[in-house]
2 protein chains.
Amino acid sequence: MSQRHGEPPSPASSGIGHTCTAREVLDRVGGKWSIAIIIEASRRPVRFTELERTVEGISRRMLALTLRNLERDGLLTRTVHPTVPPRVEYTATEIARELYEALVTLTGWAERHRAAVAAAREAYDRRQGDRRC
Amino acid sequence: MSQRHGEPPSPASSGIGHTCTAREVLDRVGGKWSIAIIIEASRRPVRFTELERTVEGISRRMLALTLRNLERDGLLTRTVHPTVPPRVEYTATEIARELYEALVTLTGWAERHRAAVAAAREAYDRRQGDRRC
DNA sequence: CTGGATCCGCTTGGATACTG
DNA sequence: CAGTATCCAAGCGGATCCAG
């Protein structure tokens, strides 16, 4: 990551602008686990081990990394309760919850066209399969 | 790719459902170049070399690969004009254009909170910088 | 012009052991 | 419990050469 994410030169409406902002957000939540964590943390404060169980398939390392990044971007709040054993809770910020709202649009698209995409993919693969055999 | 993308077991409203559909679409367009290509192809039919110039930074290999995948998922239409030299045009399908509409919601989120995220990141980095030095 | 095939470095990410 | 540190494998992606 050699580039700071300050204000881009605002390439305006050439399509490049939309591309950049789109990539900006996708780089942030396009990770394999970000969405799942944001959704969980939007429902209630969650603890580390809790996420390790809930977000099925995630490794301890990736959980820690993703949490760090989300916290860094101000999407998660990390609260340490100085008890023993230590208790750390992660909560989605208002920004993150708004992000989730925005994502609903995308899931809507996925649900509407899931069948069509699957069909297209199958058709494509069948064509290729014929060519190769 | 060892897993077919058929109908998931529909885990309903436990948050897992949204996570899955969200990941489904992000896996499809979360690639480094998919969005840029979709946007370009939504504006007009585009040729291979044209994209190579427009989508700045993309390599020939990744352009070809991304085009294949998008075509496979029914998001792009590939039209070959049997001329010499060959002329191939890619066009966004209706589904892809709807996807772009959905993405606008996301870019809206990015634009609204860009400053906040940048600030959070800077604050976080400054805190860490102090600790490490 | 439009790609496919190959080589290879770099990053991503899993498994595990260790620390406070 | 809540992580960090280390090792290592798989795959993403760039560069290049070649073909239709």
Side-chain angles (χ1 to χ4, degrees), chain A residues 1-3 23 26-37 40-41 44-72 76-91 124-125 127-133, chain B residues 1-3 23 26-37 40-41 44-72 76-91 124 127-128 131-132:
Chain A
M1 211 71 72
S2 63
Q3 189 161 3
R23 278 247 53 85
L26 285 180
D27 286 342
R28 188 154 295 115
V29 300
K32 207 173 179 181
W33 312 104
S34 306
I35 301 295
I37 292 179
E40 287 303 318
R44 69 196 176 286
V46 280
R47 302 179 57 179
F48 191 91
T49 337
E50 195 179 351
L51 284 170
E52 208 173 353
R53 286 191 307 268
T54 312
V55 183
E56 210 151 357
I58 196 173
S59 67
R60 187 165 294 180
R61 192 180 103 98
M62 284 317 292
L63 177 54
L65 275 180
T66 310
L67 287 174
R68 282 300 83 79
N69 285 329
L70 291 177
E71 183 197 357
R72 185 165 100 107
L76 287 187
T77 309
R78 180 171 179 270
T79 314
V80 182
H81 298 83
T83 63
V84 40
R87 177 187 187 86
V88 181
E89 284 183 333
Y90 294 91
T91 320
Y124 184 95
D125 289 352
R127 281 196 298 275
Q128 299 309 311
D130 291 352
R131 287 193 176 278
R132 288 192 55 83
C133 290
Chain B
M1 212 72 73
S2 63
Q3 186 162 5
R23 278 247 53 85
L26 285 180
D27 286 342
R28 188 153 295 116
V29 300
K32 207 173 178 181
W33 313 103
S34 306
I35 300 295
I37 293 180
E40 287 302 319
R44 68 194 176 288
V46 280
R47 301 182 56 180
F48 191 90
T49 337
E50 196 179 351
L51 284 171
E52 207 173 353
R53 287 192 307 268
T54 311
V55 184
E56 211 150 356
I58 195 172
S59 69
R60 189 163 293 180
R61 192 179 103 99
M62 284 316 294
L63 177 54
L65 275 182
T66 310
L67 286 174
R68 281 301 81 79
N69 286 328
L70 292 177
E71 183 197 357
R72 186 164 101 107
L76 287 187
T77 309
R78 181 170 179 270
T79 313
V80 183
H81 299 83
T83 64
V84 38
R87 177 188 187 86
V88 181
E89 285 184 333
Y90 294 91
T91 319
Y124 184 95
R127 280 197 300 274
Q128 298 309 310
R131 286 194 177 279
R132 287 192 53 84

- Message: Is there a side-chain contact between B/Glu40 and B/Tyr90 in this structure, where contact means two heavy atoms from C-beta onward sitting under 4.5 Å apart?
- Response: no
- Note on the structure: Sorted by number, residues from residues 57-65 of chain A placing a heavy atom under 4.0 Å from DNA chain C are A/Ser59, A/Arg61, A/Met62
- Residues forming a side-chain hydrogen bond (donor to acceptor under 3.5 Å, both in side chains) with A/Arg47, sequence neighbours excluded: none
- Message: Quick one, B/Ile35 with A/Leu26, criterion side chain to side chain contact (heavy atoms under 4.5 Å, CB included). Give me CA distance, side-chain angles, the key distance, then yes/no.
- Response: CA-CA 10 Å; B/Ile35 300 295; A/Leu26 285 180; 3.6 Å; yes
- Message: Without decimals, in angstroms, what is the distance between B/Leu67 CG and C/dC1 P?
- Response: 16 Å
- Task: Using the test salt bridge (charged side-chain N to carboxylate O under 4.0 Å, His left out), find all partners of A/Arg61 that sit at least two apart in sequence or belong to another chain.
- Result: none
- Message: Using a strict heavy-atom distance below 4.0 Å, which residues from residues 79-90 of chain B are in contact with DNA chain C?
- Response: B/Pro85, B/Pro86, B/Val88, B/Tyr90
- Query: Excluding sequence neighbours, so at least two apart, what forms salt bridge (charged side-chain N to carboxylate O under 4.0 Å, His left out) with A/Arg53?
  - Reply: none
- Query: Under a criterion of less than 4.0 angstrom to any heavy atom of chain B, what are the 5'-terminal and 3'-terminal contacting nucleotides of DNA chain D?
  - Reply: D/dG13 to D/dG20
- A/Phe48 CZ to C/dG20 C1', straight-line distance once rounded to whole Å: 14 Å
- Those residues at least two apart in sequence (or on a different chain) that pass side chain to side chain contact (heavy atoms under 4.5 Å, CB included) with A/Pro45 are A/Glu89, A/Thr91
- Side-chain contact, heavy-atom cut-off 4.5 Å: B/Thr66 with B/Val55? no
- salt bridge (charged side-chain N to carboxylate O under 4.0 Å, His left out) partners for B/Arg78, two or more places apart: none
- Tell me, please, which residues at least two apart from A/Arg60 pass salt bridge (charged side-chain N to carboxylate O under 4.0 Å, His left out). A/Glu52
- Message: Need to verify one output field. Residue with the more 5' nearest nucleotide on DNA chain C, B/Arg47 or A/Gly31?
- Response: B/Arg47
- Just wondering, do A/Leu65 and A/Trp33 contact through their side chains at under 4.5 Å, heavy atoms? no
